[in-house]
Each structure stands twice: as C-alpha cells, then as structure tokens.
Amino acid sequence: MNRPEIAGVLETAVYVDDMNAAHEFYSHILGLKRMVAGDRLFAYDAGPGQALLVFHRGHTGEDVETKGGVVPGHHTSGNSHFAFRIGSDAVQAWRDYLKANAVEIISEVVWPAGGTSLYFNDPDGNVLELAAPPLWPNFLS
C-alpha cells in the first residue's frame, strides 16, 4: 500500500501556566488574532491554514467529549519550542520591535544555509523562534 501524502503542519501547541499573560504576549506583542477562547485553550491564527494552540498546563490531561467525538487528553511538562516564519528582510525590524517591547533575544543563530533565527521566551519560558530563510532545504521564502 502506498503511503498517503502529508499536506503540512496544521497546529502547533504550547502549554502555559498563566493564560492571561499568554494572551497578552501572543495577541498584543506578537499580533496573533485569537480565534478561540476557552478555559483550557486559546487558538490563534498563525498564518494561512495554521493555528497556534495555547493550552492551560494541567487542564488538558483528560479526554474531552465533543459533539463530534472524543479529543484524547494530552499534556507536557517543562518548556517547549516552536518557530514562526519571517521574511529575510524582517530580521532587523523584529530585533528592534522585540527590544522596544522589552522582549529579550536570548540567542541569535546564522545558519550554514544563510538564514537567521532569533530566539526569545514567552512569559512561561517556552522558547520561541523567528526564523528567516534559508534555513531548511524545504524552507521557501
């Protein structure tokens, strides 16, 4: 049997302890539009066909019954990591913007292919990355 094709990553999840601080950061600092607001989940528009799911740590381990079926429980402990794609011409603007908003860049990497990544933390200590191409061989501009 041939393997069906994966069309891309639809959702990326991060777990936080303080949902209000997370919303302030993801909505007001990073400018993501919140699409869903609940007790255990905020979902943000992270680009065409992509969602950032912000889960309330400790409140997602149990299965959740929905009208459409059961969502299996899930959780994580410790800090996680994910990256947002930015344009090559936006790296300096993001450096300046983060500094102006008191968000410390904890690391900057220039990759062998020539792309640049800026790393910083959200209020819960999750490691976020703004990545400009080229980075991965399949990273389109």
Got [X] and [Y] here, is their nearest side-chain heavy-atom distance under 4.5 Å?
| X | Y | result |
| --- | --- | --- |
| Val64 | Val70 | no |
| Thr116 | Trp111 | no |
| Val91 | Ile86 | yes |

Has Asn126 got a side-chain atom pairing as donor or acceptor with His81's backbone, closer than 3.5 angstrom?
no
Under the 3.5 angstrom rule, does the side chain of Arg57 hit a backbone N or O of Asp18 as a donor-acceptor pair?
no
What distance do [X] atom [atom1] and [Y] atom [atom2] have between them, rounded to the nearest 0.5 Å?
| X | Y | atom1 | atom2 | result |
| --- | --- | --- | --- | --- |
| Phe84 | Trp94 | CZ | CH2 | 8.0 Å |
| Asp17 | Asp124 | CG | CG | 4.5 Å |
| Thr60 | Arg40 | OG1 | CZ | 6.0 Å |
| Tyr97 | Leu118 | OH | CG | 14.0 Å |

Same apolar cluster: [X] and [Y], side chain cutoff 4.5 Å:
| X | Y | answer |
| --- | --- | --- |
| Tyr44 | Leu10 | no |
| Leu98 | Tyr119 | no |
| Leu130 | Trp136 | no |

Does this structure show an ion pair linking Lys99 with Glu104, if we count only N-O contacts that are shorter than 4.0 Å?
no
Closest non-hydrogen atom pair, [X] against [Y]:
| X | Y | answer |
| --- | --- | --- |
| Gly69 | Thr66 | O-OG1, 2.6 Å |
| Thr12 | Phe82 | CG2-CB, 3.5 Å |
| Gly87 | Ala132 | O-CB, 3.8 Å |
| Pro123 | Ala21 | CG-O, 3.7 Å |
| Val14 | Ser80 | CG2-OG, 3.5 Å |
| Leu135 | Ser117 | CD1-OG, 3.3 Å |

Using distance only, find each side-chain donor-acceptor pair of residues 45-55 under 3.5 Å and give its atom names and separation, not counting sequence neighbours.
unit_1, atom_1, unit_2, atom_2, d
Asp45, OD1, Gly47, N, 2.9
Gln50, NE2, Pro48, O, 3.4

side-chain contact (heavy atoms from CB on, under 4.5 Å) between Asn121 and Ile106, worked out:
CA-CA 8 Å; Asn121 297 110; Ile106 58 173; 3.6 Å; yes
Report the relative orientation of the aromatic rings in His56 and His59; use parallel for angles under 30°, tilted for 30 to 60°, perpendicular for over 60°.
parallel
Would you be so kind as to tabulate the donor-acceptor pairs closer than 3.5 Å made by side chains of residues 26-39, with sequence neighbours excluded?
unit_1, atom_1, unit_2, atom_2, d
Tyr26, OH, Asp122, OD2, 2.7
His28, ND1, Glu24, OE1, 3.1
Arg34, NH1, His23, ND1, 3.4

Taking atom CD of Glu62 as the centre, does the number of heavy atoms from other residues, nucleotides or ligands within less than 6.0 Å exceed 12?
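Counting other residues, nucleotides and ligands, CD of Glu62 stays at 12 neighbours or fewer.
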Do other residues, nucleotides or ligands put more than 12 heavy atoms under 6.0 Å from the NE2 atom of His75?
no
